[in-house]
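Below is one structure, written out as structure tokens, with a few remarks after it.
Letters go in sequence order (proteins before strands), and every chain restarts at 1. Side chains are part of it too, since the values below use all heavy atoms of this structure and drop only hydrogens, waters and symmetry mates. Values in this document were obtained by computation on a predicted structure and should not be read as measured data.
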There are 2 protein chains.
Amino acid sequence: MARGQARGTVRRRLERPREQMLEAAMEAIAEYGPAEMTMAELARRVGTSGGHVLYYFGSKDQVLLETLRWSEEKHVPGRTALLTAGGSAMDRIPAFAGLYLPEGTADPRWLLWVHVWGRTLAVPALGETQAELDLAWHRDLVALLEQGARAGEFAPVDLEDFSVRLRAMLDGFSTQIVIGVPGATREGSIAHATAYARQALLPSPA
Amino acid sequence: MARGQARGTVRRRLERPREQMLEAAMEAIAEYGPAEMTMAELARRVGTSGGHVLYYFGSKDQVLLETLRWSEEKHVPGRTALLTAGGSAMDRIPAFAGLYLPEGTADPRWLLWVHVWGRTLAVPALGETQAELDLAWHRDLVALLEQGARAGEFAPVDLEDFSVRLRAMLDGFSTQIVIGVPGATREGSIAHATAYARQALLPSPA
DNA sequence: TCAAAATTTTGAATGCCATTCAAAATGCAC
DNA sequence: GTGCATTTTGAATGGCATTCAAAATTTTGA
């Protein structure tokens with residue numbers, strides 16, 4: 001059926017190799033974790049050889065980095081929706097935190113973040129993509145905050161600074177959630193982040 | 001000179017094997033990073049064999065975990081000094097943050113934290129020690145805050161909650177500093193943490 | 001339509017590493 | 001001293017990312 005799959009013989013060319021590999025990598029990471037996912041296992045999942053995966057990506061580090069980027073890109077529409085939703089900015093901050101945080105323990109996107117952090121000093125190339133992905137979150141958070149500022153919801157606050165602080169806090173909570181620190185939950189983290197935001201942004205009740 | 005080293009022949013028994021190994025591990029981690037430090041290299045540094053290191057620690061994960069604990073324990077006196085220093089609690093918060101944060105890029109203690117995070121799901125035993133070490137920071141921060149609260153420095157605030165939030169934020173900054181995110185510095189992070197603390201804890205200027 | 005060139009794919013080395021383990025060396029108790 | 005327990009060694013073992021030369025396939029250009 002699928003175009004190009006042809007004549008019942010062994011198919012050789014992969015269809016959209018990168019896409020397929022990234023998808024398979026994501027699943028494998030969700031199952032085993034980044035360190036435990038082997039090139040051989042990933043290859044098996046897309047029906048090819050370990051050497052071939054590296055032909056496309058060059059190294060396991062690159063595979064994981066591209067998988068991180070790929071999983072981050074899937075979050076862009078949700079953030080855009082949040083930014084265009086209208087309504088109070090403050091009321092949208094919990095949802096922003098919800099998008100930022102892992103879905104729960106072993107969320108593959110966040111497993112990748114933590115893994116990649118641990119490899120960045122050894123492989124400096126990893127840092128650039130991270131900075132890029134982080135900047136996207138920063139920009140969107142600042143944009144959301146600016147909506148609130150323009151609407152007069154907030155006290156006069158440096159929004160850039162607040163974004164840096166809130167995201168640092170969210171990184172800390174995310175790490176705890178994804179590695180399964182007992183008691184670390186999405187709900188609790190969202191509550192903490194929201195409480196911080198209210199306190200930092202809302203004009204003092206005077 | 002050193003006692004027990006004796007008669008110019010090959011020394012066999014190590015003196016305080018754990019101590020020596022932990023010290024050597026710390027140095028090796030500072031040089032290569034936790035992932036790149038091999039059992040063979042660590043063994044070479046203490047003049048023994050790779051198998052012997054594992055005789056003492058059981059696994060590389062354990063070596064790294066114990067090294068983390070060891071490096072954390074070296075911070076206890078500094079924290080205790082801070083707690084007993086007297087004076088305004090708020091004024092001591094920047095110093096607390098300074099103790100918490102990495103000394104700079106590639107600080108081995110923080111390389112270990114990040115590394116261990118990445119292995120916790122695969123090796124759940126790692127979680128317990130982390131929780132213990134984290135609790136020590138939490139307790140000391142809360143103790144410091146309670147001094148401030150008793151002295152009437154602060155608005156009525158849930159100190160436990162604040163400690164959770166501030167440490168999450170510091171974890172985020174620490175990660176950035178240790179992996180060398182451009183622009184992430186101790187000084188900037190201390191300033192952020194301090195600004196947050198002032199805003200969260202001090203009574204509104206009314 | 002075909003052959004040469006370029007690209008993709010394979011899978012067998014390679015080399016590194018943590019871990020295991022049986023044997024050897026050493027220390028200790030009596 | 002002798003026997004037992006502990007420590008230490010270093011040679012396997014098995015798993016892994018990575019390399020690479022050869023094979024298969026597709027594309028190009030006439």
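- Atom CD of B:Gln20 is separated from atom P of D:dT7 by 15 Å (rounded to the nearest Å).
- For the pair B:Glu41 CD and C:dC17 C1', the computed distance is 13 Å after rounding to whole Å.
- Salt bridge B:Arg109/B:Glu103: absent, no basic N to carboxylate O contact under 4.0 Å.
- Ion pairing of A:Arg139 with A:Glu146 is absent here, as no side-chain N (NZ or NE/NH1/NH2) approaches a carboxylate O to less than 4.0 Å.
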List, with names and distances, any nitrogen or oxygen atoms from the protein found under 3.5 Å away from nitrogen or oxygen atoms belonging to nucleotides 18-22 of chain D.
unit_1 : atom_1 : unit_2  : atom_2 : d
D:dT18 : OP2    : A:Lys60 : N      : 2.6

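- Side-chain atoms of A:Ser49 lie closest to C:dT10 of the nucleotides D:dG10, D:dT7, C:dT10.
- Geometric assessment of A:Arg79 against the ring of A:Trp137 yields a positive cation-pi assignment under the 6.0 Å and 45° thresholds.
- Residues from residues 22-38 of chain A that place a heavy atom under 4.0 Å from any atom of DNA chain D, listed by number: A:Met37, A:Thr38.
- Closest approach of B:Leu121 and A:Ile179 over heavy atoms only: CD2-O, 4.0 Å.
- When every heavy atom of A:Ile29 is checked against every heavy atom of A:Leu111, the shortest pair comes out as O-CD1, 4.0 Å.
- Rounded to whole angstrom, the span from the CZ atom of B:Arg44 across to the C1' atom of D:dG10 amounts to 17 Å.
- Of the charged side-chain nitrogens involved, none lies within less than 4.0 Å of a carboxylate oxygen, so that A:Glu23 and A:Arg18 do not count as a salt-bridged pair.
- Under the Watson-Crick or G-U wobble criterion, with both distances below 3.5 Å, D:dG15 is paired with C:dC16.
- For the pair A:Tyr55 OH and C:dT9 C1', the interatomic distance rounds to 9 Å; values are reported in whole Å.
- Going from atom CZ of A:Arg18 over to atom C1' of C:dT7 covers 16 Å, rounded to whole Å.
- Of the charged side-chain nitrogens involved, none lies within less than 4.0 Å of a carboxylate oxygen, so that A:Glu72 and A:Arg69 do not count as a salt-bridged pair.
- A salt bridge does not link A:Arg165 to A:Glu160: none of the charged nitrogens lies less than 4.0 Å from a carboxylate oxygen.
- Within the 4.0 angstrom heavy-atom criterion, no nucleotide atom of any strand lies near B:Phe57.
- In this structure, B:Trp113 and B:Trp117 have tilted ring planes: the angle between them lies in the 30° to 60° band.
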